[in-house]
Protein chains: 2
Amino acid sequence: MDRELLKGSTPLLLLSLLCEGPMYGYQIIETVRQRTGGTYTLKEGALYPALHKLEATEFITSYWETQENGRERRYYSLLPAGQAFLAAKKKEWNQFVNMVQAFVEPKA
Amino acid sequence: MDRELLKGSTPLLLLSLLCEGPMYGYQIIETVRQRTGGTYTLKEGALYPALHKLEATEFITSYWETQENGRERRYYSLLPAGQAFLAAKKKEWNQFVNMVQAFVEPKA
DNA sequence: TCAGTGTGCATCGCAAAGCGAGGTCCGTCA
DNA sequence: TGACGGACCTCGCTTTGCGATGCACACTGA
C-alpha cells in the first residue's frame with residue numbers, strides 16, 4: 001500500500017476509532033491490523049505523534065489506567081471538540097473521494 | 001481541502017487525466033480547477049515535479065509543440081507502462097478508499 | 001534462574017511530497 | 001510602453017509517515 005496515500009488519513013482514522021470508545025495505543029495498532037486483514041499496519045512512529053498532536057489541539061484526552069497485573073496503559077478518548085472535528089473531517093473525506101473518483105472514472 | 005489528503009493522489013490524478021489524451025501543464029491545472037469547481041487548485045510546485053518524475057520513470061513522455069502564434073507548449077502523454085501503472089494505482093486507490101471507509105462508517 | 005516473547009510507551013533522523021514564492025519569457029491589447 | 005495573462009520551471013520550508021531504536025515490565029518455559 002502506498003504510504004503517501006495514508007498521509008492525511010491518519011487523524012480521520014484515529015478519531016473514527018476513538019468515536020467508538022476509548023482505546024490505548026497498542027490496541028489501536030492491533031485493531032487496525034486486524035480489521036484490515038493485515039494490509040495496513042499502523043506504525044508507532046506514525047501513531048504516537050499523531051495522537052499527541054490530537055491531544056495538544058484538545059480533540060482528544062488521555063488518562064492512565066492501571067491493569068490488574070499492575071501495568072499501566074494510556075487510554076485516549078474523544079472530546080466534544082474532537083467529535084465536531086471528526087464530522088468536518090468526514091465531510092472533507094467524502095468530498096476528496098468523490099473528487100478523485102471523478103477523475104479516475106470519468107463520465108458516468 | 002486538507003493538503004495532506006492529496007499527497008499520494010497526484011500521480012493517480014495525472015495519469016488518469018493523461019489517459020484521456022495528451023495535455024500540457026497549464027491545461028492540466030485549468031482542467032482540474034474547472035472540474036472540481038475550484039475546490040482543488042493543483043499548484044505548479046506540485047504539478048511539474050510530479051510530471052517530471054513520471055517522465056523519468058518512463059510512464060509518460062513529453063514533446064514540444066509550437067502554436068500558430070509561435071509560442072511553445074510542452075505536451076505530456078501516457079506511455080504503455082504508464083497505463084499499466086495507472087491500472088495498478090486505481091486498484092490500490094479503491095483498496096485504500098474501502099479501507100478508510102470501513103473505519104469511518106463502521107458496520108453495514 | 002534467566003532468557004525470550006509479548007505488551008506497551010515513546011523518540012529520533014530520514015525521505016517524500018505539496019506549498020508558497022519567486023523567476024523567466026513572450027504575445028496581445030490598450 | 002506597460003500591464004496582463006499564458007506557459008514554463010525551481011527552491012526552500014513544512015508536514016507526515018517510516019524504520020530503527022530504546023526502555024520497562026509481566027509471563028512463560030527451559
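So you know, we letter chains A, B, ... as the sequences are listed, proteins then strands, and number each from 1.
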Practice item. Verify whether the ring centers belonging to A/F96 and B/W93 lie closer than 6.0 Å. Key: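 A/F96 vs B/W93: aromatic centres under 6.0 Å.
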Review point. Could one point to a donor on the side chain of B/R74 or the base of D/dC8 with an acceptor on the other under 3.5 Å away?
Key: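 For B/R74, whose side chain was compared with the base of D/dC8, there is no donor-acceptor pair (under 3.5 Å).
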Practice item. Flag the pair B/K53 and B/E58 as a salt bridge only when some basic side-chain nitrogen lies within less than 4.0 angstrom of an acidic carboxylate oxygen. Key: no
Practice item. In plain terms, say whether A/R74 and A/E55 are close enough for a salt bridge, that is, a side-chain N and a carboxylate O under 4.0 Å apart. Key: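 A salt bridge is present here (some side-chain N lies under 4.0 Å from a carboxylate O).
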Exercise for review: Could you tell me the separation between the OH atom of B/Y63 and the P atom of D/dC8, rounded to a whole number of Å?
Suggested key: 12 Å
Any base atoms under 4.0 Å from [X], or only sugar-phosphate, or nothing? Heavy atoms, all strands.
| X | answer |
| --- | --- |
| B/G45 | base |
| A/Q67 | sugar-phosphate |
| B/E44 | base |

Any [X] side-chain nitrogen or oxygen under 4.0 Å from OP1 or OP2 of [N]:
| X | N | result |
| --- | --- | --- |
| A/T10 | D/dG17 | yes |
| B/K53 | C/dA17 | yes |
| A/Y24 | C/dG8 | yes |
| A/R71 | D/dA26 | no |
| B/Y48 | D/dT10 | no |
| A/H52 | C/dT11 | yes |
| A/K43 | D/dG19 | yes |

Check your understanding: Between B/F85 and B/F59, how do the two ring planes meet: parallel, tilted or perpendicular, split at 30° and 60°?
Key ->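 Ring orientation, 0 to 90° scale: parallel.
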Review point. C/dG8, C/dT28, D/dA7: which one has an atom nearest the side-chain heavy atoms of B/Y26?
Key: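 Selected nucleotide: D/dA7.
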Exercise for review: For A/E4 and for A/Y76, find the nucleotide of DNA chain C with the closest heavy atom, then tell me which residue's nucleotide is more 5'.
Suggested key: A/Y76
Exercise for review: Give the C-alpha distance, both sets of side-chain angles, the deciding distance and a yes or no for salt bridge (Lys or Arg N to Asp or Glu O under 4.0 Å) between B/R35 and B/E20.
Suggested key: CA-CA 14 Å; B/R35 283 208 204 168; B/E20 303 174 22; 2.9 Å; yes
